[in-house]
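Here is the structure we will look at.
So that the names make sense, note that chain A is the first sequence line, chain B the second, and so on, each numbered from 1.
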Amino acid sequence: MLEKTFTPADMEARLYAQWEERGFFKPGHKPRAEPFTIVIPPPNVTGSLHMGHALNNTIQDILVRFERMRGRDVLWQPGTDHAGIATQMVVERLLQKENQTDRRSMGREAFLKRVWAWKEESGGAISRQLRRLGASCDWSRERFTMDEGLSRAVLKVFVQLHKEGLIYKDKRLVNWDPKLLTAISDLEVVQKEVKGNLWYLRYPIEGTDQFIVVATTRPETMLGDSGVAVHPGNDKLKHLIGRQVRLPLVGRLIPIVGDDYADPEKGTGAVKITPAHDFNDFDVGKRNGLRQINVLDQFGKILIEGNADFLEGAADVPAGTMALHGLDRFEARKRIVEMFEAQGLLDKIEPHTHQAPHGDRSDVVIEPWLTEQWYVNAAELARPAIAAVEKGETGFVPKNWEKTYFEWMRNIQPWCISRQLWWGHQIPAWYGPDGTVFVEETEALALAAAERHFGARVTLTRDEDVLDTWFSSALWPFSTLGWPEETQELKRHYKTDVLVTGFDIIFFWVARMMMMGLHFMHEAPFHTVYIHALVRDEKGQKMSKSKGNVIDPLELIDAYGADALRFTLAAMAAQGRDIKLAKARVEGYRNFGTKLWNAARFAEMNGVAHDPNYDPLAARVTVNRWISGETARTEAKVRQALEEYRFNEAAGAIYQFVWNVFCDWYLELIKPILTGTDEAAKAETRATTAWVMDQILLLLHPFMPFVTEELWQQTGRRSQWLIASDWPSYKGLGDAAADAEMEWTIRFISEVRSVRAEMNVPAGAKIGCVLVSASSGTRRRADAWENEIMRLARLSSIVFEEQAPKASAQIVLDEAIVALPLEGVIDFAAEKTRLSKELENIARDIAAIDGRLNNSGFLAKAPPEVLEESRERKAELTARKARVEEALARLG
RNA sequence: GGGAGCGUAGCUCAGCGGUAGAGCACUCCGUUCACAUCGGAGUGGUCACAGGUUCGAUCCCUGUCGCUCCCA
């Protein structure tokens with residue numbers, strides 16, 4: 001017997017453990033079936049489940065469960081990402097708290113040991129949380145980006161790309177994070193609006209007593225200036241091109257050059273050029289042969305003492321300037337401005353708001369800094385990745401994201417992949433005594449290569465840097481399947497089917513997987529990239545810890561159950577729109593689960609039991625034939641919607657069927673049968689109810705796996721678990737005559753209810769009903785459904801008459817009039833108003849149709865079926881109008 | 001500055017060339033033998049604005065206004 005109320009918490013953990021134990025999540029149950037493969041976007045090992053994960057994994061699980069039921073051999077490959085910077089920061093913070101130590105005093109080896117220990121004890125949280133959501137990944141295949149196998153893949157890829165010239169070392173400006181002390185990629189830089197100033201500085205023009213005024217947001221970089229640029233077409237300033245400036249505070253002579261970069265409209269039209277500390281200036285410097293003078297150290301402090309580049313050409317640098325050495329960049333900025341002011345070289349200061357680059361992890365201002373780093377020639381790798389999408393080998397859903405993808409890929413910059421961290425894949429590069437680099441998969445191979453090169457054994461030093469985390473993530477679709485080994489799984493499951501992810505990591509991850517997959521597997525990593533929305537809070541704000549508007553999915557699961565959360569996310573996952581999550585929605589779908597549970601209880605109480613031999617095609621009772629057809633239509637809607645990744649439509653279709661068709665009408669309509677005396681009808685109805693319940697559980701399972709599995713097991717002896725059952729397919733269900741009859745019956749009941757409410761008939765009062773001018777068909781239907789109609793419309797009797805009794809409310813039902821004698825109850829004025837209002841509505845509709853039918857253009861050009869439809873509808877409305885007028889007349 | 005998207009019921013959102021929909025909220029009624037986490041009935045919309053295409057536009061096109069996001 002089903003419990004009176006159902007409590008998700010009781011069954012979710014139990015069912016999940018059983019599924020996992022019995023191996024339902026593993027592929028290989030159907031070795032001959034077509035494989036279906038999804039690789040999970042690996043969450044950070046430091047992470048905990050947030051709403052984005054919940055949405056992302058709910059969608060994947062719906063697809064995976066759906067395809068598993070449809071007979072595909074499903075692999076959902078799970079795993080986590082080592083998340084270089086994030087993890088290193090977590091452990092460093094821990095060290096700081098625990099014993100006030102830092103990684104540098106520990107040393108690299110000890111620190112890494114500590115990180116691994118942390119990973120072992122705390123790194124699994126996210127996997128446990130995904131289980132709570134119901135994610136049916138094959139946990140036996142769980143991978144970690146720093147696993148031995150995945151690390152081997154990383155080495156192989158790095159070495160091969162290096163040998164192919166697609167990975168190289170280069171000295172250029174990088175985005176340097178002065179807090180984390182590492183280079184980061186363009187994508188890890190976020191632009192933030194900063195309120196600052198525009199400082200106007202006077203630079204003396206050599207050989208004159210004049211100045212050229214430059215405007216800058218970063219006065220402290222002036223120590224590294226190696227030129228001043230003006231636009232060659234700038235009539236006011238172009239005469240200065242070719243002259244020299246004596247750089248204040250330093251004494252260095254620097255040229256005034258002509259370059260288009262200097263916008264005549266901005267600032268003064270003249271701009272100071274610091275090639276070592278600004279990306280634009282770097283390019284200007286290259287074009288004009290200007291020196292690159294670095295004046296900052298890795299912490300963002302002034303570095304001028306013993307700085308040969310700085311001192312070269314600087315004549316008698318004043319002590320005051322040299323005293324800036326070692327100052328933080330922001331402190332130095334203040335001092336330099338003061339010094340300019342003291343010397344009368346500060347022209348003016350304007351408040352200025354501008355975008356400044358910040359590290360996405362550290363949130364400090366990023367310093368463009370001149371260093372040697374490793375780069376990937378992304379432009380080269382992007383070419384086939386662009387072509388694959390152009391040719392449709394991989395398609396985005398929704399399709400408009402392809403544009404974003406193309407846009408970025410066609411303008412892609414070299415990818416800086418080295419990071420000055422410890423946690424990550426150490427770069428397999430070794431340096432000889434003279435700096436010659438040997439890139440090999442192992443130290444032994446590097447030593448051998450060095451010996452060949454030098455003709456003698458030498459000592460090598462390994463590159464200290466590690467790789468960008470996204471480098472290993474880029475290999476995820478094949479590295480997790482065993483590559484570089486030629487495993488069975490790799491052969492069977494690559495190319496994968498669909499990648500489900502948010503648009504925020506199209507560049508970080510999707511693009512790079514495309515590049516690496518095509519280069520190493522010669523085939524794109526997935527057929528389809530499904531891009532889902534961002535989950536925002538109720539007000540549309542991005543959820544963030546600092547705003548405090550984060551909704552914790554685990555709390556929602558605790559409160560409403562995983563099924564409710566999953567269904568909510570699916571129902572709101574319309575394409576191309578962000579999800580604004582409101583708790584009330586989750587509550588509503590929790591109620592949906594309860595509704596289903598109660599429907600099952602009702603069925604059980606009425607002796608409904610699963611019958612494996614039941615065939616819905618054999619049903620004779622009209623209401624049963626009708627619900628079977630409705631079931632089949634619902635299956636088609638759900639299936640089609642899922643095939644097109646329209647999760648909200650799929651969820652909507654099953655929701656509406658369960659609640660508004662099955663519970664509201666079918667179960668209500670069969671009550672008289674179930675308590676009646678027609679044993680054959682009763683038996684058939686019970687069997688049909690059991691069958692429909694089963695179909696509901698099957699169709700709903702991908703969305704609400706827990707409650708459906710629980711009901712499946714509690715409502716019959718089953719040969720198979722629901723998770724492993726076959727998705728239904730129907731042939732020949734649907735009976736137009738049954739549909740018409742039930743539609744009429746439902747309309748009858750609804751109309752009577754509506755009038756009762758409007759006439760303020762007490763809900764408990766049973767009233768009589770007279771059918772006027774009913775055709776023989778209508779009489780037959782009314783006889784057939786008398787009990788059901790009386791029960792649901794709260795009528796005491798249904799009789800046939802030629803005339804409506806006086807003092808009755810009247811309802812037009814096709815050719816007949818349903819009259820409700822309400823002597824003493826009816827308010828004639830109200831009834832008159834009601835009918836008049838209806839008449840108005842009809843008249844308006846007719847007028848609209850007439851407007852069309854009297855339009856020669858419409859008659860000539862509208863498609864015939866639309867024309868026909870309009871005529872039919874007009875005929876219907878006209879007939880109806882006559883009935884209502886008749887009813888109105890009878891009121892006197 | 002370049003790109004993408006969104007303005008539909010009080011709120012959150014579907015829909016999309018031919019009768020404008022859901023959930024929540026609200027109002028009224030209800031202890032009808034599955035369910036008050038429920039049932040029944042309602043209120044509520046110049047589909048942002050202005051043009052255009054079309055026999056017909058909430059839907060397609062153009063522009064305007066407002067908002068969001070991505071990239072510089």
Side-chain angles (χ1 to χ4, degrees), chain A residues 2 4-6 186-187 190-191 279-280 355 357 398 400-404 406-408 411 503-504 506-507 533-534 536-542 560-561 564 568 571-606 608 646 648-649 651-652 655-656 659-660 663-664 667-668 671 674-675 749-766 791-794 841 844-845 848-849 851-863 865-867 869-870 873 876-877:
Chain A
L2 291 172
K4 180 146 167 62
T5 54
F6 97 99
D186 295 344
L187 288 174
V190 289
Q191 299 293 332
F279 285 98
N280 288 311
Q355 303 282 324
N400 53 317
W401 289 110
E402 286 177 9
K403 220 175 157 174
T404 308
F406 287 139
E407 194 63 33
W408 191 69
N411 295 298
F503 61 81
D504 48 333
I506 291 179
F507 307 143
L534 229 56
R536 299 170 180 282
D537 76 359
E538 255 169 292
K539 297 183 200 96
Q541 305 265 329
K542 202 166 170 170
Y560 303 111
T568 307
M572 300 193 75
Q575 289 181 6
R577 200 152 175 161
D578 285 349
I579 295 177
K580 290 183 205 154
L581 189 71
K583 252 188 181 170
R585 258 339 248 277
V586 188
E587 204 179 317
Y589 291 120
R590 184 272 319 265
N591 297 352
F592 176 57
T594 308
K595 186 77 181 172
L596 179 69
W597 185 266
N598 282 309
R601 282 184 66 227
F602 167 80
E604 190 182 46
M605 286 171 183
N606 284 280
V608 168
R646 294 201 307 252
N648 59 318
E649 281 184 27
Y655 178 93
Q656 216 227 323
W659 203 312
N660 304 119
C663 290
D664 284 354
L667 291 185
E668 293 303 329
K671 280 177 182 173
L674 293 178
T675 55
I749 296 164
S750 300
E751 295 277 6
V752 174
R753 282 172 169 174
S754 180
V755 169
R756 288 179 61 116
E758 250 173 286
M759 295 290 111
N760 293 316
V761 178
K766 295 206 170 184
R791 188 184 124 76
L792 295 176
R794 314 267 321 140
N841 286 341
R844 206 181 44 233
D845 287 353
I849 294 175
R852 262 183 271 159
L853 289 175
N854 294 333
N855 180 334
S856 56
F858 178 75
L859 294 175
K861 295 190 181 171
E865 64 272 17
V866 173
L867 204 67
E869 207 183 291
S870 298
R873 189 163 152 67
E876 254 170 53
L877 285 168

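- For A:Asn855, taking side-chain heavy atoms from C-beta onward, the closest of the listed nucleotides B:A4, B:C70, B:C55 is B:C55.
- For the ring-ring contact (aromatic ring centres under 6.0 Å, His included) test, residues two or more places apart in sequence or in another chain that qualify with A:Tyr655 are A:Tyr589, A:Phe592, A:Trp659.
- Not a single ring-ring contact (aromatic ring centres under 6.0 Å, His included) links A:Tyr560 to another residue, sequence neighbours left out.
- To the nearest whole angstrom, the two C1' atoms, one in B:C13 and one in B:C47, are 13 Å apart.
- Here the shortest heavy-atom pairing between A:Ala571 and A:Asn648 reads O-CB, 3.1 Å.
- Taking both residues in full, the closest heavy atoms of A:Asn598 and A:Lys4 are given as OD1-O, 3.9 Å, listed atom of the first, atom of the second, then distance.
- For A:Leu667 against A:Ala599, the heavy-atom pair with the smallest separation is CD1-CB, 3.9 Å.
- Taking atom P on both B:U46 and B:G21, the two are 15 Å apart, rounded to the nearest angstrom.
- Atom NZ of A:Lys4 and atom C1' of B:U37 are 11 Å apart (whole Å).
- Proximity of A:Lys595 to the phosphate of B:G39: a side-chain N or O atom is located under 4.0 Å from OP1 or OP2.
- Within 4.0 Å of A:Arg601, counting heavy atoms only, lie sugar-phosphate atoms of the nucleic acid but no base atom.
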Would you tabulate the pairs of protein nitrogen or oxygen atoms and nucleotide nitrogen or oxygen atoms of nucleotides 19-24 of chain B closer than 3.5 angstrom?
unit_1	atom_1	unit_2	atom_2	d
B:U19	OP1	A:Arg852	NH2	3.0
B:U19	O2	A:Arg873	NE	2.8
B:U19	O2	A:Arg873	NH1	2.7
B:U19	O2	A:Arg873	NH2	2.3
B:U19	N3	A:Arg873	NH1	3.4

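- Comparing B:G42 with B:A22, their P atoms are spaced 12 Å from each other, to the whole Å.
- One can place CG of A:Asn841 at 13 Å from P of B:G42, the figure rounded to the nearest angstrom.
- No engagement by A:Ala860 is indicated, since no non-hydrogen atom pair under 4.0 Å with the nucleic acid exists.
- Rounded to an integer number of Å, the gap from CZ of A:Arg791 to C1' of B:G30 is 14 Å.
- Nearest-nucleotide positions on RNA chain B for A:Glu587 and A:Ala599 put A:Ala599 closer to the 5' end.
- Evaluation of the side chain to side chain contact (heavy atoms under 4.5 Å, CB included) rule for A:Glu402 yields A:Val389, A:Phe396, A:Lys399, A:Phe406 as partners, not counting sequence neighbours.
- With sequence neighbours excluded, the residues that form a salt bridge (Lys or Arg N to Asp or Glu O under 4.0 Å) with A:Glu668 are A:Lys671, A:Arg791.
- Between A:Asn760 atom CG and B:C28 atom C1' the separation is 8 Å, expressed in whole Å.
- Between the CD1 atom in A:Ile749 and the OG atom in A:Ser754 there is a gap of 13.5 Å [rounded to 0.5 Å].
- Comparing atom distances between the A:Phe503 side chain and each of B:C55, B:A34, B:C69 picks out B:C69 as nearest.
- Against RNA chain B, the stretch residues 749-757 of chain A makes heavy-atom approaches under 4.0 Å through A:Arg753, A:Ser754, A:Ala757.
- Between A:Asn400 and A:Ala763, the one whose closest nucleotide on RNA chain B sits nearer the 5' end is A:Asn400.
- Using a 4.0 Å heavy-atom cutoff across all strands shown, A:Lys671 reaches at least one base atom of the nucleic acid.
- A donor-acceptor contact under 3.5 Å links the side chain of A:Glu668 to the base of B:A34.
- Rounded to whole Å, the C1' atom of B:G23 lies 15 Å from the corresponding atom of B:G44.
- The side chain of A:Met572 sits closest to B:U12 out of B:A34, B:U12, B:G15.
- In this view, A:Arg794 satisfies the side chain to side chain donor-acceptor pair (under 3.5 Å) rule with no residue, not counting sequence neighbours.
- Not a single salt bridge (Lys or Arg N to Asp or Glu O under 4.0 Å) links A:Glu587 to another residue, sequence neighbours left out.
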Could you provide the dot-bracket string of RNA chain B, using ( ) for intrastrand pairs, [ ] for crossing pairs and | for bases paired to another strand, with Watson-Crick or G-U pairs below 3.5 Å?
(((((((..((((....[..)))).(((((.......))))).....(((((..]....)))))))))))).

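- With both ends at atom C1', the span from B:C61 to B:A57 equals 11 Å, rounded to whole Å.
- Nearest heavy-atom pair across A:Ile849 and A:Arg873 is CD1-CG, 3.7 Å.
- Counting non-hydrogen atoms under 4.0 angstrom, A:Asn606 reaches nothing in the nucleic acid.
- Distance check on atom P: B:C33 versus B:G39 gives 14 Å, rounded to whole Å.
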Which donor-acceptor pairs under 3.5 Å do the side chains of residues 853-861 of chain A make with protein atoms, sequence neighbours left out?
unit_1	atom_1	unit_2	atom_2	d
A:Asn854	ND2	A:Asp850	O	3.2
A:Asn855	OD1	A:Gly857	N	2.7
A:Asn855	OD1	A:Phe858	N	3.3

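- Distance A:Asn648 CG to B:U12 P: 18 Å, rounded to the nearest Å.
- Shown here are the side chain to side chain donor-acceptor pair (under 3.5 Å) partners of A:Asn606, two or more places apart in sequence or in another chain: there are none.
- Atoms CH2 (A:Trp401) and P (B:C70) sit 10 Å apart, rounded to a whole Å.
- For A:Lys861, the listed nucleotide lying nearest its side chain is B:C55; candidates were B:C55, B:G18, B:A34.
- Listed by chain and number, the residues in a side chain to side chain donor-acceptor pair (under 3.5 Å) with A:Ser870 are A:Arg852 (sequence neighbours excluded).
- B:U68 sits 34 Å from B:U53 when the P atoms are compared, rounded to a whole Å.
- One C1' atom belongs to B:U43, the other to B:A25, and the distance between them is 12 Å to the nearest Å.
- In this structure, A:Met759 places its CE atom 19 Å from P of B:C28, rounding to the nearest Å.
- To the nearest angstrom, P of B:C33 lies 13 Å from CG of A:Leu792.
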